[in-house]
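Read the structure below first, then the notes.
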Amino acid sequence: MQYPTIKLWSDANCYSPWVMSVYVALREKALPFTLQRVDLAHAAHRTEEYAAISLTRRVPALALDSLYLSESSAIIEYLEECFPAPDYERLYPHDREKRARARELQAWLRSDFMPLRQERPTEVIFAGEKYSPLSEEARQSAAKLIEGAQRLLSAGQQNLFGEWSIADTDLAIMLNRLALHGDELPENLAQYAWFQWQRASVQLWLGESVKKG
């Protein structure tokens with residue numbers, strides 16, 4: 001099969017949750033691609049060279065033949081359109097209402113929970129770092145996340161919508177900010193996050209995240 005040329009740009013350590021989301025999508029679709037690392041710490045994303053690749057000068061960025069695209073949600077939806085089921089793994093639920101819910105959750109995770117993200121950065125997930133106890137603001141942020149997740153997941157439920165979707169990966173990332181730090185998290189949510197972490201595409205990303213440069 002003839003595949004397009006695909007490149008994915010990531011932060012140097014592969015700690016970005018949104019790069020991870022695109023990486024998992026590409027792996028689930030079984031699409032061959034190359035991973036390019038951008039040294040954000042030394043402002044490589046602010047160069048004119050990277051500006052020609054990424055409209056936002058952020059990661060992730062994706063090149064698919066002559067198209068350059070930024071923002072993880074836009075990239076994932078484009079991949080879903082270009083490489084649809086049943087020939088490729090489905091990234092979103094088959095049911096239209098469930099697809100809408102998946103996108104709703106993704107948008108929420110990307111736009112909210114800033115106190116939690118600041119006090120439990122992805123170094124918790126990918127480097128095992130430890131931080132001070134959560135502030136009151138971050139505890140409130142975590143409580144909102146937990147309440148929302150509990151509404152979506154019943155006890156023993158392994159996937160959000162009866163089948164895996166990319167929203168499961170995104171939610172597991174956020175929950176693991178707490179679970180992998182040892183913060184309080186209901187057992188069913190901890191088990192859900194653990195289960196999602198075993199997926200082959202996720203494990204491949206975890207292998208990338210320990211490779212320095």
Side-chain angles (χ1 to χ4, degrees), residues 8 16-31 56 58-60 62 69-117 120 122 125 138-180 183-205:
L8 172 64
S16 166
W18 313 131
V19 177
M20 177 180 172
S21 190
V22 175
Y23 181 99
V24 167
L26 288 165
R27 290 295 190 186
E28 292 290 336
K29 295 282 187 189
L31 295 169
T56 63
R58 302 195 298 187
V59 294
L62 186 86
L69 194 61
S70 302
E71 297 301 307
S72 60
S73 56
I75 293 169
I76 291 167
E77 291 191 21
Y78 185 71
L79 291 172
E80 185 78 327
E81 291 181 5
C82 289
F83 307 99
D87 293 331
Y88 300 89
E89 180 71 23
R90 190 185 302 280
L91 300 178
Y92 289 96
H94 178 75
D95 178 79
R96 182 170 59 188
E97 291 187 4
K98 290 179 179 180
R99 283 200 306 276
R101 286 295 186 197
R103 292 186 173 110
E104 175 188 43
L105 176 59
Q106 285 185 295
W108 188 31
L109 293 172
R110 282 160 172 74
S111 63
D112 205 341
F113 309 108
M114 185 55 69
L116 176 59
R117 284 189 273 164
R120 293 295 180 266
T122 50
I125 300 173
R139 284 198 296 272
Q140 290 177 8
S141 183
K144 181 167 60 172
L145 171 67
I146 290 168
E147 180 184 4
Q150 291 285 43
R151 289 176 60 184
L152 293 169
L153 291 163
S154 59
Q157 189 174 336
Q158 294 180 325
N159 297 304
L160 284 163
F161 305 108
E163 56 183 318
W164 178 86
S165 77
I166 194 66
D168 284 298
T169 298
D170 288 349
L171 179 57
I173 293 169
M174 192 65 81
L175 291 172
N176 270 330
R177 293 174 187 268
L178 297 168
L180 296 179
D183 294 302
E184 186 175 351
L185 190 67
E187 181 62 23
N188 68 308
L189 298 186
Q191 286 296 320
Y192 163 84
W194 179 89
F195 178 80
Q196 293 298 327
W197 230 233
Q198 309 315 305
R199 199 167 181 89
S201 55
V202 171
Q203 288 293 310
L204 287 169
W205 170 260

Self-check item: Heavy atoms of other groups near E184 CD, more than 12 under 6.0 Å
Solution: no
Self-check item: Value rounded to 0.5 Å, distance of OG1 in T122 from CG in L180
Solution: 11.5 Å
Practice problem: Enter the distance from I166:CD1 to I76:CD1 here, rounded to the nearest 0.5 Å. | Solution: 4.5 Å
Exercise. Search all heavy atoms of S70 against all heavy atoms of T56 and return the closest pair with its distance.
Key: CB-OG1, 3.6 Å
Quiz prompt | Side-chain heavy-atom pair V202, Q196 within 4.5 angstrom cut-off | solution = no
Listed pairs under 3.5 Å, donor-acceptor, residues 144-154 side chains, sequence neighbours left out:
residue: K144; atom: NZ; partner: D112; partner atom: OD1; Å: 3.2
residue: K144; atom: NZ; partner: D112; partner atom: OD2; Å: 2.9
residue: Q150; atom: OE1; partner: N188; partner atom: ND2; Å: 2.8
residue: Q150; atom: NE2; partner: N188; partner atom: OD1; Å: 3.4
residue: S154; atom: OG; partner: Q157; partner atom: OE1; Å: 3.0

Self-check item: Heavy-atom pair with the smallest gap, counting every atom of L109 and M174
Solution: O-CE, 3.6 Å
Exercise. Decide yes or no on side-chain contact (heavy atoms from CB on, under 4.5 Å) for Y78 and L69, but give the supporting numbers first.
Key: CA-CA 9 Å; Y78 185 71; L69 194 61; 3.8 Å; yes
Self-check item: CD/E97: more than 12 non-hydrogen atoms of other groups inside 6.0 Å
Solution: no
Quiz item: salt bridge (charged side-chain N to carboxylate O under 4.0 Å, His left out) between K98 and E163: does it pass, once the steps are laid out?
Solution: CA-CA 10 Å; K98 290 179 179 180; E163 56 183 318; over 6 Å; no
Quiz item: Do E89 and R27 touch side chain to side chain, with heavy atoms closer than 4.5 Å?
Solution: no
Self-check item: Derivation and outcome, side-chain contact (heavy atoms from CB on, under 4.5 Å), residues D168 and F195
Solution: CA-CA 10 Å; D168 284 298; F195 178 80; over 6 Å; no
Exercise. For A102 and S165, work out which heavy atoms get closest and say how close.
Key: CB-OG, 4.5 Å
Quiz item: If you measure from CG on D87 to NZ on K29, what distance do you get to the nearest 0.5 Å?
Solution: 9.5 Å
Exercise. Quick one: do R177 and F113 satisfy side-chain contact (heavy atoms from CB on, under 4.5 Å)? Show the steps, please.
Key: CA-CA 11 Å; R177 293 174 187 268; F113 309 108; over 6 Å; no
Quiz item: Could you give the distance from CZ (R110) to CH2 (W18), rounded to the nearest 0.5 Å?
Solution: 4.5 Å
Quiz item: So how far is it from L116 CG to L178 CG, rounded to the nearest 0.5 Å?
Solution: 5.0 Å
Exercise. Determine whether more than 12 heavy atoms belonging to other residues, nucleotides or ligands lie under 6.0 Å from atom CZ of R199.
Key: yes
Quiz item: Within the distance-only criterion (no hydrogens, no angle test), does the side chain of Q158 pair as donor or acceptor with the backbone N or O of Y192 below 3.5 angstrom?
Solution: no
Quiz item: In Å and rounded to the nearest 0.5 Å, what is the CH2 to CD1 distance from W205 to I173?
Solution: 8.5 Å
Quiz item: Checking side chain to side chain donor-acceptor pair (under 3.5 Å) against Y92, which of R103, R99, Q106 comes through?
Solution: Q106
Practice problem: Locate the shortest heavy-atom distance separating P60 from L8; write the atom from each residue and the value. | Solution: CB-CD1, 3.9 Å
Quiz item: I125 versus W197: any side-chain heavy-atom pair under 4.5 Å?
Solution: yes
Practice problem: Please assess E80 against R90 for the test side-chain contact (heavy atoms from CB on, under 4.5 Å), listing each intermediate value before the final yes or no. | Solution: CA-CA 7 Å; E80 185 78 327; R90 190 185 302 280; 3.7 Å; yes
